[in-house]
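Reviewing the structure listed below.
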Amino acid sequence: MLSAKEQMAALVEGAVEVIKEEELLQKLERAEREGRQLIIKQGFDPSAPDLHLGHAIGLRKLRQFQDLGHKVIIIIGDYTGMIGDPTERSETRPRLTHEQVLANAESYKQQVFKIVDPDPSRLEIVLNGSWFSQMSFADVMELAGKYTVARILERDDFSQRFKNEQPISIHELFYPLMQGHDSVEIKADVELGATEQKFNCLVGRDLMKAHGLEPQVVMLLPVLEGTDGVRRMSKSIGNYIGISESPKEIYGKTMSIPDAMIMRYFELATTSSKPELDAVRKLLSEPDTNPRDLKRRLAGVIVTMYHGPDEAENAEEEFDRIFAKGGLPDEIPEPAITVGGQSDRGAVWIVALLVATGLARSNGAARRLIEQGGIRLDGNVVSSVDSTLAVNDPHLLQAGKRRFVRIVPENVKLSGE
RNA sequence: GGGGGGGUUCCCGAGUGGUCAAAGGGAACAGACUGUAAAUCUGUCGGCGAAGCCUUCGGAGGUUCGAAUCCUCCCCCCCCCA
């Protein structure tokens with residue numbers, strides 16, 4: 001086992017900020033001396049069950065703590081999820097049923113285990129409802145009494161919203177308190193969070209002190225930008241690369257990131273060593289390097305991390321085939337559809353077919369796609385909105401550059417007219 | 001409790017009686033150019049087999065030939081005072 005100092009050096013690597021480093025060192029030293037584990041806390045919002053490369057940064061750090069012998073407690077925020085972290089500021093967040101939360105928690109496990117060690121001596125997953133549901137109103141008041149409005153309003157997004165005359169509900173103010181209280185419940189030694197979680201994590205320190213506990217160390221990790229290269233990676237924005245997505249998806253999405261993000265992704269989304277990173281950085285700075293080649297490498301590295309080298313190779317081949325050579329993917333959906341048509345010859349209006357296959361959302365959308373030359377039937381651009389086709393024969397429909405559907409006669413049901 | 005300002009299509013936001021399916025921007029989608037990058041340009045961006053019609057401007061009524069726009073009641077948000 002590594003000494004406390006050695007552990008410290010490894011753990012601090014990659015963190016944006018550690019509050020406070022000397023406390024972490026003390027904790028590590030004491031853990032070493034007394035032969036016990038530190039408790040590492042990480043919370044997850046249960047509403048979006050897809051974990052992505054942004055979450056993976058934290059998960060890898062958790063794994064590192066585990067490998068050093070410490071215990072990770074992942075908190076699924078079913079109760080906090082009822083509020084929705086105001087950081088995301090989405091107005092109407094649907095409340096999840098308990099069943100949904102449990103299903104999402106299960107889904108989390110599957111994904112978390114791709115990175116984190118599932119050994120129960122090093123991992124525990126709990127719902128924070130397990131304590132919040134037991135609290136009485138008096139308990140809640142006591143919790144509320146431990147913090148002041150002024151301090152809560154220090155939080156940047158609260159003060160922004162206040163300034164901009166946007167609503168803040170009282171219950172939203174509880175979010176940081178609840179997250180902080182989680183730390184009290186599990187007596188966390190360290191809480192991991194993205195930099196945007198700083199305030200919430202610090203509240204945890206304050207609440208622990210108020211309970212006479214040793215305050216947790218807060219370790220803040222960088223936030224990864226999404227595939228748009230601007231906003232943080234997030235499922236709700238739709239700019240994410242999920243760790244349980246297919247090799248092709250991961251590869252393709254990685255190729256779509258802006259060039260300026262290549263280095264950032266190498267640093268945050270891969271486990272590349274320092275020398276490897278330096279090599280990439282050097283290549284990027286050379287004028288005759290085509291950034292695309294480095295991006296291909298990046299995409300390959302990321303797919304390999306989650307699916308292995310063979311899949312990475314397949315994904316690259318397919319990518320080249322479709323996008324460099326305009327070919328077809330290996331797997332094209334063959335949906336079962338029902339469309340109105342003339343049953344005698346199976347002639348179906350192309351617009352109806354596009355809607356039935358899900359390639360277009362409405363007839364109007366389908367028309368527009370056709371008018372703009374975005375629809376291909378068996379490889380040829382469909383030029384007329386009035387086209388029909390015989391669904392007695394198989395066909396290949398393409399919308400835009402990357403959406404394909406195969407029409408298979410057996411899967412087509414004519415609703416008749 | 002009193003006073004004031006607001007709620008517009010996915011988001012922001014213009015629109016104060018007809019020319020409004022509603023300016024502008026963003027997002028998104030399609031096309032061109034490319035490296036499924038960026039930038040740029042073009043087009044689209046409520047629904048209907050497209051003709052005209054239907055639904056939409058917080059909700060419900062009303063005035064009017066005609067309402068996002070005026071009136072009434074209700075719901076919600078923000079600010080100031082208490």
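No hydrogens, no waters, no symmetry mates; every other heavy atom, side chains included, goes into these values. Residue numbering restarts at 1 for every chain, and letters A, B, ... go by the order of the sequence lines. The structure displayed is predicted, hence computed values, not measured ones.
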Nucleotide forming a Watson-Crick or wobble pair with B:C33, both distances under 3.5 Å | none

Under a 3.5 Å limit on both distances, the Watson-Crick or wobble mate of B:G1 is B:C81

Can you tell me how far C1' of B:G49 sits from CD of A:Glu371, to the nearest Å?
-> 13 Å

List in chain and number order the residues that pass ring-ring contact (aromatic ring centres under 6.0 Å, His included) with A:Tyr251, two or more places apart in sequence or in another chain; answer none if no residue qualifies.
-> A:Phe319

Nearest-Å distance for atom pair NZ/P, residues A:Lys253 and B:A37 = 15 Å

Quantified in whole Å, what is the C1' atom distance between nucleotide B:U69 and nucleotide B:G18?
-> 11 Å

Note, A:Leu53 side chain near A:Met233 side chain (heavy atom, < 4.5 Å) = yes

Mind checking side-chain hydrogen bond (donor to acceptor under 3.5 Å, both in side chains) for A:Arg321 and listing every partner two or more places apart, or none if nothing turns up?
-> A:Asp330

Expressed as a whole number of Å, how far does the C1' atom of B:U56 sit from that of B:U8?
-> 10 Å

Any-strand Watson-Crick or G-U partner of B:U55, both distances under 3.5 Å = none

With sequence neighbours left out, which residue pairs that include part of residues 293-302 of chain A fulfil the side-chain hydrogen bond (donor to acceptor under 3.5 Å, both in side chains) condition?
-> A:Asp259-A:Lys295, A:Arg296-A:Glu316, A:Arg296-A:Asp320

Hunt down the Watson-Crick or G-U wobble partner of B:A60, both distances under 3.5 Å, from any strand shown, or write none.
-> B:U72

What distance, rounded to whole Å, do you find between the two C1' atoms, one in B:G49 and one in B:C29?
-> 22 Å

Tell me, please, which residues at least two apart from A:Lys146 pass side-chain hydrogen bond (donor to acceptor under 3.5 Å, both in side chains).
-> A:Glu142

Whichever of A:Asn363 and A:Tyr251 has its nearest RNA chain B nucleotide further upstream toward 5' = A:Tyr251

Would you say a side-chain N or O of A:Ser362 is under 4.0 Å from OP1 or OP2 of B:G46?
-> no

Taking the C1' atom of each, how far is B:G17 from B:U63, in whole Å?
-> 11 Å

In the 5'-to-3' direction, what one-character label does each nucleotide of nucleotides 30-35 of chain B receive under the scheme B = base within less than 4.0 Å of a protein heavy atom, S = sugar-phosphate only, - = no such atom?
-> BS--BB

Quick tally for nucleotides 20-26 of chain B: nucleotides whose base has a protein heavy atom under 4.0 Å get B, sugar-phosphate-only ones S, the rest -, giving -------

Does A:Leu369 have any side-chain contact (heavy atoms from CB on, under 4.5 Å) partners at least two apart in sequence or in another chain, and if so, which?
-> A:Ala360, A:Ile375

Check the angle between the aromatic planes of A:Phe65 and A:His70 and answer parallel, tilted or perpendicular using the 30° and 60° thresholds.
-> perpendicular

What integer number of Å spans the P atoms of B:A60 and B:C75?
-> 15 Å

Expressed as a whole number of Å, how far does the C1' atom of B:U19 sit from that of B:A32?
-> 35 Å

Any sub-3.5 Å donor-acceptor pair from A:Arg122's side-chain atoms to A:Gln66's backbone N or O?
-> yes

With P as the reference atom in both, quote the distance from B:G31 to B:A37 in angstrom, rounded to an integer.
-> 12 Å

Atom CG of A:Leu389 and atom P of B:G49 are separated, to the nearest Å, by 17 Å

All ring-ring contact (aromatic ring centres under 6.0 Å, His included) counterparts of A:Phe44, not counting sequence neighbours = A:His55, A:Tyr108

Complementary nucleotide of B:C65, counting Watson-Crick and G-U pairs under 3.5 Å = B:G18

Determine the interatomic distance between P on B:C80 and the same-named atom on B:U72; round to the nearest Å.
-> 27 Å

Using a heavy-atom cut-off of under 4.0 Å over every strand shown, decide if A:Arg367 touches base, sugar-phosphate, or nothing.
-> base

Can you list the residues that meet the side-chain hydrogen bond (donor to acceptor under 3.5 Å, both in side chains) rule with A:Gln134, with sequence neighbours excluded?
-> none

